[in-house]
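Written out below as structure tokens is the structure these notes cover.
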There are 2 protein chains.
Amino acid sequence: MASIHDVARVAGVSISTVSYALSGKRSIAESTRLRINNAVEQLGYRPNAGARMLAGTRTNIFALTAPFHAETYAPAHMAFVLAVAQASRAHDYDVLLLTQDEATSGLRRVASSRLVDGIIVLDVAADDDRVGVIRKLGTPAVFIGVPRDAEGLVCVDLDFEAAAALAISRLADAGHRAIGLIGHSPGVYARGSNFPPRFRDGFFRAAAARGIGTAFAMPERDGSSVRAAVDELYRALPGMTALVLHCEEAVQAAVMDILRERGLRVPEDLSVISACASFETDHFEPALDTIPLVAADSCTRAVELAIEQVAGPIAPRVELVPPRYLERGSIAPPAPLR
Amino acid sequence: MASIHDVARVAGVSISTVSYALSGKRSIAESTRLRINNAVEQLGYRPNAGARMLAGTRTNIFALTAPFHAETYAPAHMAFVLAVAQASRAHDYDVLLLTQDEATSGLRRVASSRLVDGIIVLDVAADDDRVGVIRKLGTPAVFIGVPRDAEGLVCVDLDFEAAAALAISRLADAGHRAIGLIGHSPGVYARGSNFPPRFRDGFFRAAAARGIGTAFAMPERDGSSVRAAVDELYRALPGMTALVLHCEEAVQAAVMDILRERGLRVPEDLSVISACASFETDHFEPALDTIPLVAADSCTRAVELAIEQVAGPIAPRVELVPPRYLERGSIAPPAPLR
DNA sequence: TGCAACTATCGAAGCGTTTCGATTGCGTTT
DNA sequence: AAACGCAATCGAAACGCTTCGATAGTTGCA
């Protein structure tokens, strides 16, 4: 394995010159740089990661703490893990994966052994053990999600409240006065994942502000539970003319099946919006208006903020990514009578 | 941040004594060890990861190359990633996540910069670009899955052929002579993922050996495609009395729905086995006999083999994990007439 | 009593970088 | 022609650990 010494020897310069040529931190004559680059090429030289970590001030590794439990919806989770990995690589950072059983001890370990420069926190719960650990550690960290007490933290997330308000606003503007919401399973809310309640509360608040009637159901994954949820909404809100889906793909698909089976046309009989889903919604029949949860948006920003923190402290903040709205024709004015 | 010097000073010994006390590589007086441990505790000392990598011969990090593409079934993928992470931590190894867009270049990068001690390869395709790279690199590596040309590689995987044969054998023993197979979507087979064809071929081979009639369908994820697949099987194999499911959770669920909807009782009218699924199958109604794909089995073994390779070269091999069979009462002798 | 064989400990030499002063050689300015 | 500034390069000191080869100090045995 070629070292910087070998490169220096082949190029006929000192090792510091090689280092500066490669880092660009001091000016180097064009001809020298060329010789060095040739030597690097010829020897297949790659700087030794360990030596770099030791001598330099950074490791170019982020820890990604991504717990995974029974309620986790794997596709969304994967999408975020992936987005963090890709965003990190774009800044020449690698990603070290920390899992559930090591959540807090692992953070302590990688931070205090100086294995990572910073931490990206995924799947943040309202009361999250990792918050306390990270506060103490003082290692640069970015939360993707917002814990109840975000004091002193740097957080990024989709603005779920605004997303819910946006859904309400679009439907209200179309004339709807009774809107149902199908959320995640009760377990998700119970576990304290931070975003489902934020969406739900935003939904109720925006609806109340516009004097709109609401109903809310939290089905499990299975078909019969979804069926019951739809029934429940119609019972609780007999004049319901619009539905907001804030749930997993399988549940959304089941809802669409049930509507079809009951002869309810979208959007003629019922307007439907899919909100904050991290999966594609254009394969539904019909395609649904969507307020997407774009993993790359939050993750890219999170990585940027982490990089900034590696360079030096930044002000704590909660950055909420504004929701977007994709029109696909699944909302219409309510039918005059049903 | 406390260094080994600080520990040595506080304990009143030299740094080499501290190092030996912590690594256990030379004998240290009990009293000295105690003083050192106290100092470590008191200072909250953690060895610097970079220094360790540089001075020692290993980094205690494995690269996990886990591509993710359109055909990837996220829950299974997650299960494997997680299992690798957990098995690695059990041996004091961390896991660096490499994604699709960096598949080969990332491997080269982390291996030749000596950032990782070894590589765990997930989601192996029959013809996988990573195989060639890894052969050249000479870095310890373990494939979870078996590429077409496994010459010189260390591979671990569930024995999918044996699993298929086991399914056939159980059904044949119960008296079935016409067995259908519902596989993954055509895209999965086309992409060259290694295990679906292995299962399929094992299925046909075992059936042929016992003179059993077969039919095979590859539905997409959506309900209508699954419905068509079931129809296709019954058309191709009118006397079909048993069904083997080797597909995603949603498809298996859809199949069960369709059977119910057609008034086909399991196992009275149709015996069903769920084969090589990495998800729980006991929530289906009725619960299905299952040959599970246990991520932890393969991953634990893979990590062990990686560790062995870090210590020194081992013989190339393909280790196939024998399938297990979970009885849940979803197979019965075929009905005398239909 | 002397010497071999341990045991417990120490000192120092790396490991491969980065980075902080030099130092050298030129073209400019006065 | 002396003095200066700047660009290009070098040498050496860290960084924090592991590990090899000494060196005392003890024990055991002849």
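Order of the sequence lines fixes the chain letters, A, B, ..., with proteins taken first and strands second; residue numbering starts at 1 for each chain. Since this is a predicted model, take the numbers as computed values, not measurements.
The residues A:Asp101 and B:Arg89 are annotated as not salt-bridged, no charged nitrogen and carboxylate oxygen being separated by less than 4.0 angstrom.
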Using nucleotides 4-8 of chain C, report all nitrogen or oxygen pairs with the protein that are shorter than 3.5 Å.
from  : atom 1 : to      : atom 2 : distance (Å)
C:dA8 : OP2    : B:Ser27 : OG     : 2.8

Quick test: give all pairs of protein nitrogen or oxygen and nucleotides 26-28 of chain C nitrogen or oxygen below 3.5 Å, distance rounded to 0.1 Å.
none

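Put simply, the side chain of B:Ser14 and the base of C:dG11 share no donor and acceptor less than 3.5 Å apart.
If one axis is set at each end of the helix from C:dT1-D:dA30 to C:dT30-D:dA1 from five pairs, those axes are 50° apart, to 10°.
More than 12 heavy atoms of other residues, nucleotides or ligands sit less than 6.0 Å from atom CZ of B:Arg317.
Taking 4.0 angstrom as the limit, A:Tyr20 places none of its side-chain polar atoms (N or O) nearer than this to OP1 or OP2 of D:dA7. Taking only side-chain nitrogens and oxygens, A:Lys25 comes nearer than 4.0 Å to OP1 or OP2 of C:dT19. When the side-chain nitrogen and oxygen atoms of B:Arg52 are compared with OP1 and OP2 of D:dT18, one or more of them lie within a distance under 4.0 Å. For D:dT9, the OP1/OP2 oxygens have no side-chain nitrogen or oxygen of A:Thr17 closer than 4.0 Å. The side chain of A:Ser19 places an N or O atom within less than 4.0 Å of a non-bridging phosphate oxygen (OP1 or OP2) of C:dT18.
In terms of heavy atoms, A:Leu96 sits closest to B:Leu96 at CD1-CD1, 3.8 Å.
Between A:Asp6 atom CG and C:dC15 atom C1' the separation is 13 Å, expressed in whole Å. Across the protein-nucleic acid pair, B:Ile15 atom CD1 and C:dT9 atom C1' stand 13 Å apart, rounded to whole Å.
Partners of A:Tyr73 by ring pair (Phe, Tyr, Trp, His ring centres under 6.0 Å), not counting sequence neighbours: none found. Residues passing the side chain to side chain donor-acceptor pair (under 3.5 Å) test with A:Thr65 are A:Arg130, sequence neighbours excluded. With sequence neighbours left out, the side chain to side chain contact (heavy atoms under 4.5 Å, CB included) criterion links B:Arg26 to B:Tyr20.
Of the two residues near DNA chain C, B:Ala51 and B:Ser16, the one whose nearest nucleotide lies more 5' is B:Ser16. Positionally, the nearest nucleotide of DNA chain D for B:Leu54 lies more toward the 5' end than for the other of B:Leu54 and B:Ser23.
In this structure, the side chains of A:Val154 and A:Glu308 stay at 4.5 Å or more apart for every pair of heavy atoms.
In the set D:dA12, D:dC15, D:dC17, D:dC15 carries the atom at the smallest distance from any side-chain atom of A:Ala55.
A side-chain donor from one of B:Thr59 and B:Asp117 sits under 3.5 Å from a side-chain acceptor of the other.
A:Tyr93 and A:Phe62 have parallel rings, their planes meeting at less than 30° on a 0 to 90° scale where 60° marks the start of perpendicular.
Counting any heavy atom pair closer than 4.0 Å across all strands shown, A:Arg58 reaches no nucleic acid atom. When heavy atoms are screened at a 4.0 angstrom cut-off, A:Ser3 is found touching the sugar-phosphate backbone but no base atom.
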